[in-house]
Structures are given as C-alpha cells and as structure tokens.
Trainee: 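Before we start, here is the structure in question, set down as structure tokens.
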There are 2 protein chains.
Amino acid sequence: MSITKIAKDLGVHPSTVSRALSGKPGVSEDLRNKIIQYAEKIGYYPDARASSLRKKGKTGTLGIIIPDIGNPFFATVIKAIEDVLYSHNYNFFLCVSDEDPEKEIFHLKSLISHRVDGIIAAPTLDNKTKNFYSKLYSSKKTIVFFDRFFPTLDIPSIVTNNEQGIKKLINHIYKMGHKTLGIISLSPESITGKIRLETALNYAKKLKITVQPEWIQGFDSTEESGYLSMKKILKQKRRPSVVLILNDLTSLGALRAISELKANVPEEISLVAFDDTYWNQIFNPPITCVKQDPKEMGILAAKNLINILNKKNVLKKQILLDTKLIIRQSVKKLI
Amino acid sequence: MSITKIAKDLGVHPSTVSRALSGKPGVSEDLRNKIIQYAEKIGYYPDARASSLRKKGKTGTLGIIIPDIGNPFFATVIKAIEDVLYSHNYNFFLCVSDEDPEKEIFHLKSLISHRVDGIIAAPTLDNKTKNFYSKLYSSKKTIVFFDRFFPTLDIPSIVTNNEQGIKKLINHIYKMGHKTLGIISLSPESITGKIRLETALNYAKKLKITVQPEWIQGFDSTEESGYLSMKKILKQKRRPSVVLILNDLTSLGALRAISELKANVPEEISLVAFDDTYWNQIFNPPITCVKQDPKEMGILAAKNLINILNKKNVLKKQILLDTKLIIRQSVKKLI
DNA sequence: CTGAAAGCGCTAACAC
DNA sequence: GTGTTAGCGCTTTCAG
C-alpha cells in the first residue's frame with residue numbers, strides 16, 4: 001500500500017503517482033484517472049508521516065491537554081475546540097494530565113515527538129510544567145492556554161474572569177441580606193480555586209460578611225470533596241446563612257449531601273455556585289450561579305491557535321472572558 | 001534538532017547518536033553520556049514519524065471515535081480508555097463523528113493516513129460506515145467497537161445488554177402496579193435507541209402494560225428532545241402513570257420540563273430512566289434507573305485492543321455488559 | 001566500539 | 001507529460 005507499489009503495478013514512476021494523487025498538474029487526465037481508480041481499488045491512503053516528513057511542513061495534527069475529561073466544563077471546551085479544528089482539517093491528540101506535572105510533561109514530550117503543529121492546553125500550574133512550557137515557547141512552538149495560565153509567561157491565553165464572577169455572586173448574596181458565608185473550595189493546587197477563594201475572602205471582608213474558618217471546607221476539586229465538605233458545614237451548630245461552591249463537580253457533590261440530609265434550600269441554607277452545569281436547573285430549587293462560557297473559550301482557543309499558525313494577527317494575547325450571573329431560587333431574601 | 005545535527009555538532013556518526021539515545025548497546029558509556037547530555041541541552045526530541053517510518057513498526061498511536069463528547073456517558077468511557085492507554089504508553093487521536101457517516105469516514109481515512117496501530121470506535125450505524133469498517137477490518141486493521149456494533153460484521157465489541165436493562169426497568173414498574181407507560185425515545189438513527197424502544201414495547205405488551213402511540217415521544221438523543229417530549233406527554237389529558245426515558249441527556253431534558261411545569265414526581269407521574277448520571281441522585285425525588293458501566297466498557301475496549309495488538313488471545317469477541325437496577329424514589333407504588 | 005550505506009514512503013527540483 | 005534524483009530523520013544491517 002504505497003506509492004511505489006502503485007507505480008510498479010501500473011508501470012509508471014512513483015513521482016507520477018504522487019502528482020496524480022495529490023492533484024498536482026503535470027499528469028495527463030487519462031493516466032491520473034487510472035491511477036486514482038487503482039489507488040481506490042486497492043484501498044490506498046497516503047502515509048501522512050512520510051508526506052509531512054518530506055514536505056518539511058506541517059503535520060496537520062495538534063495536541064490538546066486537559067486535566068480531566070470527566071469534568072463537564074472541559075468536555076464542553078473540547079467539544080467546541082473539536083468543531084473549529086474539524087472545519088480547519090486538523091486532527092488532534094487528546095492528552096489527560098490529571099493535574100500531574102510529570103504526566104503532563106510526559107505528554108508534552110510525546111506531542112513534540114509527533115511534531116504536532118501546535119498545543120492547546122489547560123496547564124497544570126507547577127514550576128516544572130512552567131519551565132517546560134517556557135522552553136517550548138522559546139523554541140518557537142505554538143501554544144495557547146485556556147482556563148489557566150502562567151502569569152509570568154507571555155503565552156496567549158483565554159481565561160475566565162474569575163474575580164468578576166465571584167464578585168457578582170457575593171454582591172448578590174449581599175443584596176439579599178446575607179452576613180455569614182461558608183465556602184466549599186477546590187484542590188489547593190488549583191490556581192483557579194485559589195483565585196476564587198481569595199477573591200471571595202477579600203470581597204466578603206470588604207462587605208463585612210463573616211467567614212468563619214470552620215466554614216471553609218474542601219480538599220479537592222471532586223464530587224466527593226464537595227459532598228463531604230457540605231456535610232461538614234451542615235453538621236455544625238453555628239452555620240453560615242449561605243454557602244458558596246467554587247465549581248461544578250464540587251457543587252454536584254454538595255447538592256447530593258443536601259439531598260441526602262434533606263436540608264431545605266433556601267429556607268435552612270442558601271446556596272450559590274460557580275459554573276452553570278446540567279444539574280443547576282433541575283435541582284429543587286434551581287441554583288443561583290455564575291456562568292462561565294466554556295464553548296466560547298474553546299472556540300477562541302482553537303481559532304487563536306489557527307490564526308497564529310497561519311501567521312495572522314492575534315488581536316489580544318490574553319483574553320479575559322466575562323461571567324454571567326444567573327439568578328434562580330437558591331438564595332433566601334433576608335431583608 | 002535532528003540526530004544528524006547532533007552527530008555533526010559532536011563529530012560522530014548519526015548511527016552512533018541513534019544507538020546512544022535509544023539505549024541500544026554498542027556505544028561506550030562516555031560517548032553515550034556525552035550524546036545524551038547534549039541532546040537534552042539542545043532540547044532534542046526524536047521524530048516519531050521518521051522513527052516509526054523506518055522501523056516499519058507501530059506508531060504507538062491509536063484512534064478513538066465517538067459521536068459526542070458532551071454526553072457524560074462517552075466522556076466516562078474515554079476517561080477509562082485514556083487510563084489504560086496511558087499505562088501502555090499509547091497516544092490517541094480523538095475523533096468526533098456527530099453521528100454523521102461522512103464525518104466518521106473522513107476521520108477514519110485520516111486515522112489510516114496517520115497509520116494508527118488500532119481504532120476504538122462507537123460507530124455510527126449506517127451502510128456507508130459499515131462497508132468502510134468492513135473493508136478496513138479485512139485489510140487487517142485492528143478495530144474494537146464499544147456501545148454499538150454491526151451485527152453482520154465479525155469485529156470485537158463491548159456493548160451493554162440493552163434488552164436486559166429495559167426488562168429490569170419494566171419489571172420494576174410492573175411490580176409497582178403500573179399499567180400505562182409513556183416512553184421518551186432517542187434519535188431514529190440510534191440503534192441503541194431502537195433496541196431499547198423495541199424491547200420496551202414488546203415486553204410491555206407481554207405484561208399487558210398499555211403504551212398509547214401518543215405516549216411515545218422523542219425525535220433525537222438530545223437534552224432538547226427530552227425536554228420537549230416530556231412537555232408533550234405532560235400536557236395530554238390522558239397520561240400514562242409512568243414514563244420511561246431512554247438515555248441520560250434526554251432524561252436531563254425531561255427533568256427540566258418536570259421542574260418547569262412543577263409536576264409532582266412520583267405522585268402525579270412516575271419516572272424511570274436508562275443510564276445513571278450525575279443528576280439522577282440529586283433530583284427530588286431521586287430517579288430510579290438502570291445503570292450501565294461506561295468505565296468498565298472503556299477499560300475492556302482498551303484492554304482488548306491492546307491484547308489484539310500484542311497477539312494475545314482475546315477471550316470473547318462480543319462482550320455483553322450487565323446492567324444494574326437502582327431503585328430510588330421516582331416510582332409510585334400503586335398496589 | 002564506531003562508521004558507512006541503504007531505505008522506510010513520500011515529494012520537489014530538475015531533466016528530457 | 002513523464003522519469004530521474006535526492007533527501008526529510010531515523011534505524012538497521014554490514015564493515016572495519
């Protein structure tokens with residue numbers, strides 16, 4: 001199944017076959033058709049490796065790195081990226097980092113070995129990964145970050161305005177009269193979680209909303225952590241009037257805990273969440289939240305990468321996406 | 001950044017560099033170390049294309065084809081596959097078919113061009129795709145199907161026992177005393193949907209459960225379809241006592257319709273669903289359902305493929321996975 | 001232990 | 001129009 005074999009079988013030269021199959025001029029229509037038909041008949045598909053190797057050009061492949069496909073947020077981003085890439089004829093390797101710097105670097109090396117044209121990544125924020133991305137970038141590899149980025153690296157990125165989102169939520173509960181706040185946080189390694197938590201604490205302080213240390217729970221960005229954290233908060237004798245949950249999977253767990261303990265929302269406890277996923281609308285009552293736009297994030301990341309590859313101008317290096325407050329019925333009006 | 005460049009810089013022969021870097025014997029330790037250090041210093045990563053081209057061996061890459069990453073079921077399968085592949089050092093191209101035969105065939109061709117070692121696919125069931133897979137398989141490509149398969153093709157597959165799952169659900173509602181049943185079905189192209197629907201209809205008939213034609217709704221496998229279908233059923237003056245929903249995304253939509261219309265489950269209407277995803281547990285009341293095992297499906301698909309690639313024996317060609325009935329509180333007891 | 005030469009499958013530049 | 005030649009980056013003989 002190679003151009004050489006076809007050439008031999010048809011008694012012509014390999015270069016003629018190459019020209020015929022790749023639509024280049026310089027072959028008579030008769031011969032071209034004969035070659036194309038024969039190639040189809042024997043089920044020939046050109047070897048992309050050999051072709052890209054010889055052309056010294058692009059491979060038409062990209063690498064995408066995400067921490068977790070199980071998270072609907074990332075699944076949605078990937079879906080949007082896929083859409084753009086397909087319409088531009090790119091294939092991509094999907095790499096899962098599990099937030100593990102070693103695993104991420106392993107994948108990066110392998111992507112480089114496969115000579116991908118570019119990399120779209122939600123990077124694990126760690127010194128090792130930072131150094132590696134930095135090296136790659138200075139050796140002219142095309143990289144676009146989404147969801148997270150390294151503040152000290154000048155690599156294009158598409159990130160949600162997390163501070164804005166948190167402030168919108170806290171403003172809302174403030175207006176509803178809440179003065180005590182609990183928080184279900186994320187993995188301590190998550191920069192996203194760190195930013196959201198810090199913004200929440202600072203802004204709550206500014207508005208004189210009390211956050212007792214024992215009201216801050218969460219050890220991880222998983223459903224399990226959300227579940228256990230919410231249970232811990234609910235079992236305290238002095239509870240906050242409202243709990244802020246910092247992402248989608250943890251809020252799923254928190255909601256499960258609430259269902260299980262049959263806590264009444266918003267009468268006994270109010271709830272607000274970062275991220276608007278599937279379940280926020282069908283919970284009883286529907287959850288007030290701040291919505292990121294993972295679809296837009298994916299589209300922008302992919303388009304930016306492609307623009308850079310095509311040497312087109314990229315308008316902004318760092319894109320900050322707005323969040324949207326969606327008011328539902330999970331916050332009790334106290335005033 | 002090539003072996004030749006390293007060889008030139010160090011004044012040795014490319015073949016020596018190759019031996020040194022790939023851990024082959026026949027290089028003095030001193031020279032080997034010198035070469036390895038130099039390679040690291042200049043950030044050299046071997047060209048996987050050139051290497052696999054020359055070795056005439058495997059590329060270490062696979063292709064995965066799914067209809068939709070937005071669907072949590074497939075996201076979970078992918079996650080499991082990724083886990084197995086990573087531990088066996090395989091990279092993979094992720095391809096999304098959108099249930100479009102043309103798109104799927106386009107992706108298949110591109111996977112072949114990239115000379116993937118094997119393909120794991122939840123195929124779109126269509127004559128065109130069937131013929132294409134059939135051709136690929138007879139030309140010795142390694143393929144494993146999951147979630148769906150072509151009954152007339154002898155290609156290994158890992159599929160859920162859909163009939164069993166539906167029967168478990170219908171048995172349950174029968175025991176609870178229900179005599180009238182509505183169904184929210186899937187896309188007419190979905191073989192999974194077809195099997196589930198037919199089994200439900202036949203088995204209901206057998207148990208003398210009535211299914212009026214206007215109680216069968218659904219035009220698609222999406223959230224939207226589930227939402228609109230449930231609304232249609234709820235608005236009828238003569239309604240079934242229980243509604244069976246045939247997958248996860250449609251049940252999400254159905255639950256949204258129920259929340260919106262404030263229908264009381266299970267007092268006004270009972271619910272059972274195929275698939276146990278995130279939201280079944282946090283809905284009020286929690287949804288009785290039958291659970292597939294997407295994780296197991298992914299693990300088996302990946303392991304089977306790897307076994308075949310390693311010429312190990314595959315125990316069973318067609319694996320049928322059991323379903324599990326999870327009884328919660330969405331079905332009213334009528335007797 | 002190291003070097004030389006050949007070739008994986010393909011394409012681009014150059015002949016005729 | 002078609003053939004010839006060279007070489008992308010790598011590995012694998014075979015020499016020395």
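Computation of the quantities below employed the complete heavy-atom set of this structure, encompassing side-chain atoms and omitting hydrogens, waters and symmetry-equivalent molecules.
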Trainee: Figure out the NZ/P separation between K8(A) and dT4(D), and round it to whole Å.
Mentor: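 About 13 Å, once rounded to whole Å.
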
Trainee: Please confirm whether H107(B) and Y86(A) have ring centers closer than 6.0 angstrom.
Mentor: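 Distance test on ring centres: under 6.0 Å, yes.
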
Trainee: State whether the number of non-hydrogen atoms from other residues, nucleotides or ligands found under 6.0 Å of K303(B) atom NZ is greater than 12.
Mentor: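 Open: at most 12 neighbouring heavy atoms sit under 6.0 Å from NZ of K303(B).
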
Trainee: Separation of E29(B) atom CD from dT2(C) atom P, in whole Å?
Mentor: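 Value for this atom pair: 10 Å.
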
Trainee: Assess the side chains of S52(B) and R49(A): does a donor N or O sit below 3.5 Å from an acceptor N or O?
Mentor: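 Yes, side-chain donor-acceptor contact under 3.5 Å.
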
Trainee: Verify, without hydrogens or angle tests, whether D126(A) (side chain) and K128(A) (backbone) share a donor-acceptor contact under 3.5 angstrom.
Mentor: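 Yes: the side chain of D126(A) pairs with the backbone of K128(A).
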
Trainee: At under 4.0 Å between heavy atoms, which parts of nucleotides 5-13 of chain C does protein reach? Answer with one letter per nucleotide, 5' to 3': B base, S sugar-phosphate only, - none.
Mentor: -BBBBBBBB

Trainee: Please give, in whole Å, the distance from dC10(D) P to I112(A) CD1?
Mentor: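 Roughly 14 Å, once rounded to whole Å.
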
Trainee: Without swapping roles, check the side chain of T129(A) against the backbone of T124(A) for a donor-acceptor pair under 3.5 Å.
Mentor: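 Side chain of T129(A) to backbone of T124(A): a pair is present.
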
